[in-house]
Amino acid sequence: MKTWLFKSEPESYSWDDLVRDGRTCWEGVRNYQARNLLRDEVAEGDLVLLYHSQVQPQVIAGIARVVRAAYPDHFAWDPASRYHDPKAGPDNPTWVMVDIAPVRALDPPITRDELKEVPALADMMLLRRGSRLSIQPVAPVEWDAVLALREGREP
DNA sequence: GCCAACGTTGGC
DNA sequence: GCCAACGTTGGC
C-alpha cells in the first residue's frame, strides 16, 4: 500500500464536495509526470492526503482511499469539459483518472504552516519550492509524521 | 497582484 | 533538437 498527496483547488473540488458525493473520479490531471504516477503507481486501496491549494490557509483537509485504479479520463475528449484535450480520444486516451472515496476528515485541517514546523517533513515534496506536481508520493515516514499531528483525534 | 518555477509550444 | 516565448501553478 502506497500513500499519496492529491492537490485540488477547493473552488473546483473540495474535501466537503468529496464527503457530499461519497466518491468521485479524480479527473482533470493534464501533466505527464502526474499522469504516469496515476497510471503506473497509484493502486486501489492506496491512501491519499487531500490538499487544498490556492486558498488561505492551504491545508490538508482529509484522508481518502483509492477505490478504483487508473482508467481512461473520458473528459479529455469531451469538448464541453474544462479539461478537454483535442489530441485525446477513445483510441488515444492519453489521460487517466482514479476514483477516490473519503476515509476521514482531519479535524481541524492541517495547515501548511503546521507542516513546515515538523522536522520529519523538511524534504516533503509539497513543501519544496516550486513544487507544482498535483499527484505526489508521500513517504511512509512523512505519512506517519502528518498523521501524528492529529493523534488522539481518530474517529 | 506579484513573481518564481516549471511545462509546453512552435519557429528555425 | 534547440531555445525563446508563452501559459500555468501556486505560495506569498
Side-chain angles (χ1 to χ4, degrees), chain A residues 2-21 24-42 46-66 69-100 102-139 141-150:
Chain A
K2 290 187 175 137
T3 51
W4 306 93
L5 180 143
F6 289 8
K7 282 185 200 170
S8 80
E9 299 177 22
E11 191 144 322
S12 53
Y13 199 83
S14 70
W15 168 259
D16 288 341
D17 293 331
L18 180 61
V19 170
R20 179 199 63 209
D21 295 343
T24 195
C25 49
W26 201 253
E27 86 272 27
V29 172
R30 296 291 178 269
N31 167 283
Y32 286 102
Q33 198 180 346
R35 188 280 309 269
N36 292 347
L37 289 171
L38 274 185
R39 185 190 59 192
D40 303 332
E41 305 284 340
V42 176
D46 284 359
L47 292 173
V48 175
L49 300 172
L50 193 58
Y51 178 77
H52 285 167
S53 64
Q54 305 287 61
V55 281
Q56 208 51 249
Q58 303 98 319
V59 294
I60 299 173
I63 300 169
R65 183 185 305 278
V66 177
Y71 60 105
D73 181 345
H74 59 266
F75 294 96
W77 58 83
D78 175 0
S81 170
R82 61 179 294 214
Y83 302 117
H84 180 232
D85 176 358
K87 294 189 293 295
D91 298 330
N92 174 33
T94 310
W95 307 109
V96 301
M97 55 189 175
V98 300
D99 289 356
I100 62 172
V103 174
R104 67 180 175 92
L106 291 166
D107 183 26
I110 299 173
T111 66
R112 182 181 182 88
D113 286 344
E114 207 175 340
L115 296 173
K116 286 194 282 195
E117 301 286 315
V118 181
L121 301 179
D123 292 328
M124 192 180 189
M125 186 181 291
L126 178 72
L127 301 180
R128 288 211 280 268
R129 186 180 162 76
S131 169
R132 289 169 40 181
L133 199 58
S134 61
I135 304 290
Q136 302 183 358
V138 175
V141 287
E142 294 169 347
W143 181 270
D144 292 344
V146 170
L147 293 210
L149 292 169
R150 291 295 178 274

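Just so it is clear, the structure is predicted and the values come from calculations on it, not from any experiment. First the proteins, then the strands, lettered A, B, ... as listed; each starts at 1.
Between L49(A) and Q136(A) the shortest side-chain heavy-atom distance does not fall below 4.5 Å.
The closest donor-acceptor contact from the side chain of D73(A) to the backbone of M97(A) lies at 3.5 Å or more, if one exists at all. When atom types are taken as modelled, the side chain of R35(A) and the backbone of V96(A) share no donor-acceptor pair closer than 3.5 angstrom.
Ring centroids of W95(A) and Y71(A) are separated by 6.0 Å or more, keeping the two rings apart.
At the phosphate of dG10(C), OP1 or OP2 sits under 4.0 Å from a side-chain N or O atom of K7(A). Look at Q58(A) and you'll find a side-chain N or O under 4.0 angstrom from OP1 or OP2 of dG11(C).
Regarding L133(A), its CG atom lies at a distance of 13 Å from the C1' atom of dG10(C), rounded to whole Å. To the nearest angstrom, P of dC12(C) lies 12 Å from CD of Q54(A). Whole-Å rounding puts the R128(A) CZ to dT9(C) C1' distance at 17 Å. A straight line from CG of L5(A) to C1' of dG10(C) spans 14 Å, rounded to a whole angstrom.
Side chains of S81(A) and E27(A): no donor on one and acceptor on the other come within 3.5 Å.
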query: Nucleotide by nucleotide, 5' to 3', does protein get under 4.0 Å of the base (B), only the sugar-phosphate (S), or neither (-) in nucleotides 1-8 of chain B, counting heavy atoms?
result: ---SBBSS

task: Would you sort out whether K2(A) and E41(A) count as a side chain to side chain contact (heavy atoms under 4.5 Å, CB included), showing the intermediate values?
output: CA-CA 8 Å; K2(A) 290 187 175 137; E41(A) 305 284 340; 2.8 Å; yes

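With sequence neighbours left out, R20(A) forms a side-chain hydrogen bond (donor to acceptor under 3.5 Å, both in side chains) with D17(A).
A rotation axis mapping the C1' atoms of four pairs onto the next four is fitted at both ends of the helix from dG1(B)-dC12(C) to dC12(B)-dG1(C) over five pairs, and the angle between these axes is 10° to 10 degrees.
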